[in-house]
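Note that the coordinates shown come from a computational prediction; the quantities given were computed from them, not determined experimentally. Note that the numbering runs from 1 along the sequence shown for the chain.
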Amino acid sequence: MTTSRLIMISFLVVVITTSSGVVGEGNDVVFSADTGPVLPNVTYYISFMSSDYNMWICRMNARSTDPRTCPHQPIMFTRPTITPTPVMFILPSSTPDTVIRESTKLSIKFANPSQCGESGVWRVANGEVVLNGVESREDSLFSIHMTDSYYKFTIGESVYPDVYATSISLSNDRYGKDRLIAKQPSGEMEVLFYRNYPPEY
């Protein structure tokens, strides 16, 4: 076989592989740490990195120790004194997937009803994640991306190819109760998803 024919075959393999979504698409299935693929409309608990850190997303007021104090927002609570609050990932009705995939736009909603009259849907307002969002509205749509070993949330569009939009990070507040913030530049809140709490292995 001639060198030119080998080069042509190699080129075709690259083109076919790339166009089929195998390389670089960023749409892999998102997995929970304890049960398998993450599914839409199913409850999950969100942990900062692994459950060994004992930092969990809770629905509460960041400035109060009383969980009945309103308004609520998502808080990353270190060694929480209340049970973490499960969330559901809600896909737009136009999305045919039966699993959650990386980069797919989705809404995040606390599963439990609120005593504060909030929708429970995560929304970014003034650089913070609050709970008065509307499912499928642009300011209430997030994406999940894989980091080295964990996942992170982003909101908004990427400005350049392969550069993620604004990452959700932690406010580094005192007392182990961190608000979720969305500001540039910011760090990343790396998380895992658990179907069960306490986690079962």
Side-chain angles (χ1 to χ4, degrees), residues 30-34 38 43-67 69-90 100 102-112 114 116 118-133 139-159 163-195 197-199:
V30 175
F31 283 87
S32 69
D34 58 349
V38 173
T43 56
Y44 293 90
Y45 297 90
I46 301 176
S47 165
F48 176 77
M49 295 188 172
S50 81
S51 60
D52 295 337
Y53 285 85
N54 199 15
M55 297 171 65
W56 298 88
I57 290 292
C58 297
R59 180 182 193 154
M60 61 188 305
N61 185 288
R63 296 168 180 83
S64 175
T65 57
D66 185 349
T69 301
C70 297
H72 287 165
Q73 63 186 114
I75 300 296
M76 185 64 80
F77 199 171
T78 302
R79 295 182 295 278
T81 55
I82 61 174
T83 302
T85 314
V87 304
M88 295 187 297
F89 301 108
I90 301 169
I100 301 299
E102 292 181 50
S103 303
T104 299
K105 287 192 174 184
L106 49 81
S107 296
I108 305 171
K109 182 178 182 178
F110 278 125
N112 301 336
S114 171
C116 298
E118 301 146 337
S119 68
V121 177
W122 293 20
R123 170 178 173 254
V124 170
N126 299 317
E128 285 192 30
V129 180
V130 295
L131 292 178
N132 60 354
D139 63 358
S140 305
L141 288 174
F142 296 78
S143 298
I144 299 172
H145 301 278
M146 188 76 183
T147 63
D148 289 338
S149 302
Y150 306 99
Y151 293 101
K152 69 174 184 177
F153 295 115
T154 64
I155 190 165
E157 300 291 347
S158 299
V159 179
V163 177
Y164 294 137
T166 302
S167 295
I168 303 301
S169 59
L170 297 175
S171 60
N172 293 320
D173 292 335
R174 294 183 298 168
Y175 312 119
K177 294 193 298 183
D178 293 311
R179 294 165 293 124
L180 276 54
I181 59 175
K183 296 179 180 178
Q184 292 281 22
S186 66
E188 297 173 355
M189 178 183 71
E190 294 187 300
V191 298
L192 289 178
F193 310 113
Y194 290 85
R195 184 74 180 87
Y197 180 86

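In this structure, CG on Leu192 lies 8.0 Å from OG on Ser51, to the nearest 0.5 angstrom. Thr104 OG1 to His145 NE2: the interatomic distance, rounded to the nearest 0.5 Å, is 9.5 Å. Here Glu118 contributes atom CD and Arg59 contributes atom CZ; the two are 5.5 Å apart, rounded to the nearest 0.5 Å. In this structure, the separation between CG on Leu131 and CD on Gln73 is 7.0 Å, given to the nearest 0.5 Å. For the atom pair CE of Met60 and OG1 of Thr85, the computed distance is 8.5 Å after rounding to the nearest 0.5 Å. Atom CD in Glu128 sits 12.0 Å away from atom CZ in Arg123 (nearest 0.5 Å).
The closest side-chain heavy-atom distance from Pro86 to Asn112 is below 4.5 Å. Side-chain contact between Leu106 and Ser143 is absent, with no heavy atoms from C-beta onward closer than 4.5 Å. When side chains are defined from C-beta on, His72 does not count as touching Val130, because their heavy atoms never get closer than 4.5 Å. Using a 4.5 Å heavy-atom threshold, the side chains of Pro80 and Asn54 count as touching. No side-chain heavy atom of Ile144 sits under 4.5 Å from any side-chain heavy atom of Val38. Between Trp122 and Val87, some side-chain heavy-atom pair lies under the 4.5 Å cut-off. Between Val124 and Phe142, some side-chain heavy-atom pair lies under the 4.5 Å cut-off. For the pair Lys152/Ile168, no side-chain contact is recorded, criterion being any heavy-atom separation below 4.5 Å from C-beta on.
Salt bridge Asp34/Arg195: absent, no basic N to carboxylate O contact under 4.0 Å.
The shortest non-hydrogen separation linking Leu180 to Ile57 is CD1-CD1, 3.9 Å. Counting all heavy atoms, side chain and backbone alike, Ser119 lies closest to Lys109 at O-CE, 3.5 Å. When every heavy atom of Ser47 is checked against every heavy atom of Met76, the shortest pair comes out as C-CE, 4.4 Å. In plain terms, the two heavy atoms of Trp56 and Pro199 that are nearest each other are CH2-CG, 3.7 Å. Closest heavy-atom contact between Phe153 and Met189: CD1-CE, 3.8 Å. Across all non-hydrogen atoms, the minimal contact from Phe77 to Cys58 is CB-SG, 3.8 Å.
Remark: the backbone N or O of Pro198 is not paired with any side-chain donor or acceptor of Tyr45 at under 3.5 angstrom. Between the side chain of Asp178 and the main chain of Asn172, a donor-acceptor pair closer than 3.5 Å is present.
Sparse packing is recorded around CG of Asn126, with 12 or fewer heavy atoms of other residues, nucleotides or ligands lying under 6.0 Å away.
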*Before giving the answer on side-chain hydrogen bond (donor to acceptor under 3.5 Å, both in side chains), spell out for Asp173 and Ser171 the whole-Å C-alpha distance, their side-chain angles and the decisive distance to 0.1 Å.*
CA-CA 5 Å; Asp173 292 335; Ser171 60; 2.8 Å; yes
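The distance between the ring centers of Tyr44 and Phe193 does not fall below 6.0 angstrom.
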